[in-house]
**Q** 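Before anything else, here's the structure in question.
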Number of protein chains: 2
Amino acid sequence: MSAPLVSILDDEPEIRAILTEALEEAGFRTQSFSRAREFEAALQRVTPDVCLVDLSLPDTDGLALVHRLALERGAKVIIISGRAQVQDRVTGLELGADDYITKPFDPAEVVARIRARLRAGRAAPQSGQTARFNGWTAHFDRYVLEDDSGAETPFSHAEGEVLRLFLDSPKRLISRAQMQDALGGAAGESFDRAMDVRISRLRTKLREDPKNPRLIKTIYGAGYIFLGDVGWG
Amino acid sequence: MSAPLVSILDDEPEIRAILTEALEEAGFRTQSFSRAREFEAALQRVTPDVCLVDLSLPDTDGLALVHRLALERGAKVIIISGRAQVQDRVTGLELGADDYITKPFDPAEVVARIRARLRAGRAAPQSGQTARFNGWTAHFDRYVLEDDSGAETPFSHAEGEVLRLFLDSPKRLISRAQMQDALGGAAGESFDRAMDVRISRLRTKLREDPKNPRLIKTIYGAGYIFLGDVGWG
DNA sequence: ACCCCTTTGTAACAATTCGTAAGGTTTGGG
DNA sequence: CCCAAACCTTACGAATTGTTACAAAGGGGT
């Protein structure tokens, strides 16, 4: 599966350059155009995963273009515009745009919003979620841990919560208070022990050596650290 | 088909009032909460089409809540926050939010952005007659399940209700309370067991391995998840 | 009306999950 | 080196869920 393709349509060369650089660094394939005509010609060939469209184009009515793109072709469209009035944003969104970003913008936010659109597009918003780390593959949709040899070990919901928390913040200290919050536990003396048990059970399934844990490390008096090179997908 | 349901979670009464009024005028059903705990309790019963969540909540870490909502439950989340830094927006979106609106906001834009989410989602319940999933074809007009080899197994009305509920929301957690609602069961001690039996019988017809169900997964204390790539038609 | 079959809820028992308690082990300061 | 606090692990039990057996309810054909 190749990287998502993002099309950029903007008449300012500088904007195109900034966006192209930020998007390629973020791992997207890009394609940029200065005129609507070229852009629509390219659409005959490929359908981009997301289109970034500037409204103030010299050779066409931007809103009409957005409308055609979004409602007729079903493309995901993010408007990038210098017009910042609420009314502009509302009409842009009502016409079918998926998002509306005003100039000046921060490239990082553009990337984040593109990712949000891609995520939403998937049939299964929350799952198909798998993470690889150090020979293991965690399938959160099936609640299964897969060995590097392909052997599978099921894990429970409670164990999954802990594992997900770790995989979201690898190589970073996670305090017990943070866990308590993330795992929805009521603050209390007793919940500490419950968390211990959850972690203990997770360690067992990850076949950790109690004497020498390689993945889930305890930091005495501070919390835990999950070591492991995590890749989501 | 009833109006989409929007849940509002914000600790400021005035904000809740403004949003509620604007949304109801726009034709949505609304439901608002001041505390995360109440909000999560309500989620046991219904899954809103869109959740508007304020990050600065007194009783929990808002970001962790968003993460749980978006990634684990597959809900559509729009963050409404007073924090306007780019970094805040990026982390909010990366954690799974579908959109990020900063205060002060214009209610009209909020409505437009909610509509954009609903349009993109289109997870609306299907009313088609047949659905394909993982080698099976369900014919709701004939009350028959068709094998990938063409062999047919009849299913009853009660089993069909459960199956349709699953097929309408694949790969998403469905709580028992939601089922009870959808299947018209009175909330009571005894109906719980009846649902278990319905699911057990459906599992049998889908030839699920009791030890390792591949399609209907139980999440202890939370509900069920139907895994399967569903295509209607 | 009678019989037989299907459907579906209820009851009873088995299996699983997960927090709690209890006892053991490790850590780090004095 | 000693001790208290922090942490790990095991066992147990309450709650949750699965499965089977059974009975009530309904439908069609004779």
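These numbers were taken from a predicted model, which means no experiment stands behind them. Proteins come first, then strands; the chains are lettered A, B, ... in the order of their sequence lines, and each starts at number 1.
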**Q** At under 4.0 Å, does any side-chain N or O of S156(A) touch on OP1 or OP2 of dC18(C)?
**A** yes
**Q** To the nearest Å, give me how far apart CD (E161(B)) and C1' (dT8(C)) are.
**A** 12 Å
**Q** Between E109(B) and D106(B) (side chain of the first, backbone of the second, donor and acceptor by atom type, cut-off under 3.5 Å), is there such a pair?
**A** no
**Q** Between R115(B) and E94(A) (salt bridge meaning N to carboxylate O under 4.0 Å), is one present in this structure?
**A** yes
**Q** Distances under 3.5 Å only, N/O to N/O: pair up the protein atoms with those of nucleotides 24-26 of chain D.
**A**
none

**Q** In whole Å, what is the span from the CD atom of Q180(A) to the P atom of dC7(D)?
**A** 13 Å
**Q** Between R29(B) and P4(B), is there a donor-acceptor pair closer than 3.5 Å when you use the side chain of the first and the backbone of the second?
**A** no
**Q** For the residue pair Y224(A) and R176(A), confirm or rule out a side-chain donor-acceptor distance under 3.5 Å.
**A** yes
**Q** When the distance from CG of L202(A) to P of dG19(C) is rounded to whole Å, what number comes out?
**A** 13 Å
**Q** Between D98(B) (side chain only) and V77(B) (backbone N and O only), is there a donor and an acceptor less than 3.5 Å apart?
**A** yes
**Q** Roughly, in whole Å, what's the span from CG in N212(A) to P in dC8(D)?
**A** 14 Å
**Q** Do the side chain of R203(A) and the main chain of I216(A) share a donor and acceptor less than 3.5 angstrom apart?
**A** yes
**Q** For K211(B) and dT17(C), what is the distance between atoms NZ and C1' respectively, to the nearest whole Å?
**A** 13 Å
**Q** Which whole-number value in Å describes the distance from F155(A) CZ to dC18(C) P?
**A** 11 Å
**Q** Starting at the 5' end of DNA chain C, which residue's closest nucleotide do you reach first, K205(B) or R198(A)?
**A** K205(B)
**Q** Mind calculating the distance between CG (L206(A)) and P (dT9(D)) to the nearest angstrom?
**A** 12 Å
**Q** Atom pairs under 3.5 Å, N or O on each side, protein against nucleotides 11-18 of chain D: can you list them with distances?
**A**
{"unit_1": "dA15(D)", "atom_1": "N3", "unit_2": "Y220(B)", "atom_2": "OH", "d": "3.0"}
{"unit_1": "dT16(D)", "atom_1": "O4'", "unit_2": "Y220(B)", "atom_2": "OH", "d": "3.1"}
{"unit_1": "dT17(D)", "atom_1": "OP1", "unit_2": "R176(B)", "atom_2": "NE", "d": "3.4"}
{"unit_1": "dT17(D)", "atom_1": "OP1", "unit_2": "G221(B)", "atom_2": "N", "d": "3.3"}
{"unit_1": "dT17(D)", "atom_1": "OP2", "unit_2": "R176(B)", "atom_2": "NE", "d": "2.9"}
{"unit_1": "dG18(D)", "atom_1": "OP1", "unit_2": "R203(B)", "atom_2": "NH1", "d": "2.7"}
{"unit_1": "dG18(D)", "atom_1": "OP1", "unit_2": "T218(B)", "atom_2": "OG1", "d": "2.5"}
{"unit_1": "dG18(D)", "atom_1": "OP2", "unit_2": "D196(B)", "atom_2": "OD1", "d": "3.4"}
{"unit_1": "dG18(D)", "atom_1": "OP2", "unit_2": "Y224(B)", "atom_2": "OH", "d": "2.6"}
{"unit_1": "dG18(D)", "atom_1": "N7", "unit_2": "R193(B)", "atom_2": "NH2", "d": "3.2"}
{"unit_1": "dG18(D)", "atom_1": "O6", "unit_2": "R193(B)", "atom_2": "NH2", "d": "2.8"}

**Q** Once you round it to whole Å, what is the distance between P of dT7(C) and OH of Y143(B)?
**A** 11 Å
**Q** Kindly determine whether E161(A) and R198(A) satisfy salt bridge (Lys or Arg N to Asp or Glu O under 4.0 Å), including the steps that lead there.
**A** CA-CA 9 Å; E161(A) 283 187 317; R198(A) 285 194 186 190; 3.1 Å; yes
**Q** Kindly point out which of dC18(C), dT10(C), dA15(C) is positioned nearest to the side chain of H157(A)?
**A** dC18(C)
**Q** Less than 6.0 angstrom from the centroid, inside 45 degrees of the normal: does R172(A) satisfy that with respect to the ring of F226(A)?
**A** no
**Q** Tell me if a side-chain donor or acceptor on E24(B) pairs with a main-chain N or O of E21(B) at a distance below 3.5 Å.
**A** no
